[in-house]
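Right, one structure below, let's go through it.
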Amino acid sequence: NITTADTFTGKKVIDREGIECGKVKHIHINRETLSVSGVTVHQGFNKDYFLGSDYIDKFTDETLLLSCPPIRTGVSVVDIDRHKIGKVKRIHRNPDTNELESIEVSDGFVHSKIISKSNIWGIGERIILEMTKEEFKLLA
């Protein structure tokens with residue numbers, strides 16, 4: 001059960017819904033514990049993002065399987081009643097822990113709003129907010 005980390009680079013990253021999220025670019029190792037602390041996923045032209053070890057379920061011969069779907073830019077955002085609001089424009093993470101803090105949601109025009117992690121109800125093929133479209137519009 002021993003393998004080298006570079007054998008995982010380039011493998012497809014798949015979430016539990018079967019959606020391909022990109023390919024493994026780097027594997028991050030904790031210097032003190034020597035355990036995997038996360039991976040950098042390459043999603044396309046200049047679209048790399050980090051996933052912590054809590055997202056990783058297991059590596060197979062061909063893929064990295066995720067335990068839960070990640071939040072990615074470009075993913076649709078809907079309200080609690082599944083009415084379309086917009087798309088994820090940016091992801092804001094804590095610089096020290098890389099943990100998700102908020103997302104910036106664009107309504108397709110010039111407007112965008114910051115949504116706190118606590119206002120996200122579900123993550124999957126789309127992001128579901130814990131508010132209605134009207135409540136979203138009232139946000140500053």
Side-chain angles (χ1 to χ4, degrees):
N1 256 354
I2 297 175
T3 189
T4 59
D6 57 351
T7 60
F8 297 114
T9 56
K11 290 190 180 202
K12 292 179 181 177
V13 178
I14 309 291
D15 72 11
R16 290 220 177 238
E17 295 182 5
I19 298 170
E20 186 175 333
C21 304
K23 294 188 177 194
V24 175
K25 184 173 183 179
H26 302 292
I27 296 181
H28 301 268
I29 309 287
N30 181 312
R31 290 182 191 195
E32 293 176 13
T33 64
L34 299 180
S35 62
V36 174
S37 60
V39 295
T40 297
V41 178
H42 180 67
Q43 190 182 359
F45 183 71
N46 286 336
K47 288 191 177 180
D48 294 346
Y49 59 95
F50 177 83
L51 292 177
S53 61
D54 51 329
Y55 281 93
I56 299 172
D57 186 15
K58 62 182 151 190
F59 283 97
T60 70
D61 290 339
E62 299 178 17
T63 59
L64 164 59
L65 300 173
L66 302 179
S67 56
C68 56
I71 293 180
R72 304 178 311 276
T73 57
V75 173
S76 294
V77 178
V78 297
D79 73 357
I80 198 73
D81 295 319
R82 297 179 42 148
H83 298 115
K84 185 171 178 165
I85 289 178
K87 293 189 179 236
V88 177
K89 182 177 179 181
R90 284 193 186 90
I91 300 167
H92 303 276
R93 298 183 183 275
N94 181 305
D96 297 325
T97 64
N98 213 34
E99 188 176 321
L100 176 73
E101 290 183 338
S102 61
I103 59 174
E104 186 174 340
V105 178
S106 171
D107 63 6
F109 302 107
V110 293
H111 304 293
S112 63
K113 296 184 179 184
I114 305 292
I115 303 295
S116 169
K117 173 184 173 180
S118 62
N119 288 322
I120 298 173
W121 182 81
I123 302 167
E125 194 172 319
R126 58 184 68 90
I127 308 298
I128 303 171
L129 300 182
E130 204 169 57
M131 62 180 68
T132 64
K133 194 170 188 174
E134 289 72 29
E135 290 170 328
F136 175 82
K137 289 178 184 178
L138 295 174
L139 293 175

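Quantities reported herein were computed from a predicted structural model and do not represent experimental measurements. Just so you know, these numbers use all the heavy atoms, side chains as well, and skip hydrogens, waters and symmetry mates.
- Under a hydrophobic-cluster definition in which Ile, Leu, Val, Met, Phe, Trp and Tyr are linked whenever side-chain heavy atoms come within less than 4.5 Å, directly or via other members, Ile85 and Ile91 are assigned to the same cluster.
- Judged by distance alone, with hydrogens and angles left aside, the side-chain atoms of Lys113 form a donor-acceptor pair with the main-chain N or O of Leu139 at under 3.5 Å.
- At distances below 3.5 Å, at least one donor-acceptor pair connects side-chain atoms of Lys133 with backbone N or O atoms of Lys84.
- Clustering ILVMFWY residues whenever any of their side-chain heavy atoms sit less than 4.5 angstrom apart, transitively, puts Ile115 in the very cluster that holds Val77.
- Nearest approach of Val75 to Arg126, heavy atoms of both residues: CG1-CA, 3.7 Å.
- A distance-only check finds no donor-acceptor pair linking the side chain of Asp81 to the backbone of His83 [under 3.5 Å].
- You'll find the side chain of Val105 reaches within 4.5 Å of the side chain of Phe136, heavy atoms only.
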Donor-acceptor contacts under 3.5 Å from residues 10-19 side chains, at least two apart:
from, atom 1, to, atom 2, distance (Å)
Lys11, NZ, Thr60, O, 2.9
Lys11, NZ, Asp61, O, 2.7
Asp15, OD1, Glu17, N, 2.9
Asp15, OD1, Gly18, N, 3.2
Asp15, OD1, Ile19, N, 3.0
Arg16, NE, Ser67, O, 3.1
Arg16, NH2, Asp57, OD2, 3.1
Glu17, OE1, Glu125, N, 3.1

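- Of all heavy-atom pairs between Arg72 and Cys21, the closest is NH1-SG, 3.8 Å.
- Residues Leu65 and Val39 do not share a hydrophobic cluster, clusters being chains of Ile/Leu/Val/Met/Phe/Trp/Tyr side chains in contact below 4.5 Å.
- Taking every heavy atom of both residues into account, Ser102 and Leu100 meet most closely at O-CD1, 3.6 Å.
- Hydrophobic clustering, with ILVMFWY side chains joined whenever heavy atoms are under 4.5 angstrom apart, keeps Val88 apart from Trp121.
- Among all heavy-atom pairs drawn from Glu32 and Asn30, the shortest one is N-OD1, 2.8 Å.
- Nearest heavy atoms, Glu130 versus Ser118: OE1-O, 3.6 Å.
- Ile103 and Ile80 fall into different hydrophobic clusters, defined by Ile, Leu, Val, Met, Phe, Trp and Tyr side-chain heavy atoms under 4.5 Å apart, directly or through other members.
- The backbone N or O of Asn119 sits nowhere less than 3.5 Å from a side-chain atom of Ser116 that would complete a donor-acceptor pair.
- Ring planes of His28 and Phe50: perpendicular class, angle over 60° (limits at 30 and 60°).
- When side chains are defined from C-beta on, Val78 does not count as touching Leu129, because their heavy atoms never get closer than 4.5 Å.
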task = Assess whether side-chain contact (heavy atoms from CB on, under 4.5 Å) is satisfied between Phe59 and Ile27, documenting all intermediate values.
result = CA-CA 12 Å; Phe59 283 97; Ile27 296 181; 4.2 Å; yes
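- The two residues Phe8 and Val24 make their nearest non-hydrogen contact at O-CB, 3.4 Å.
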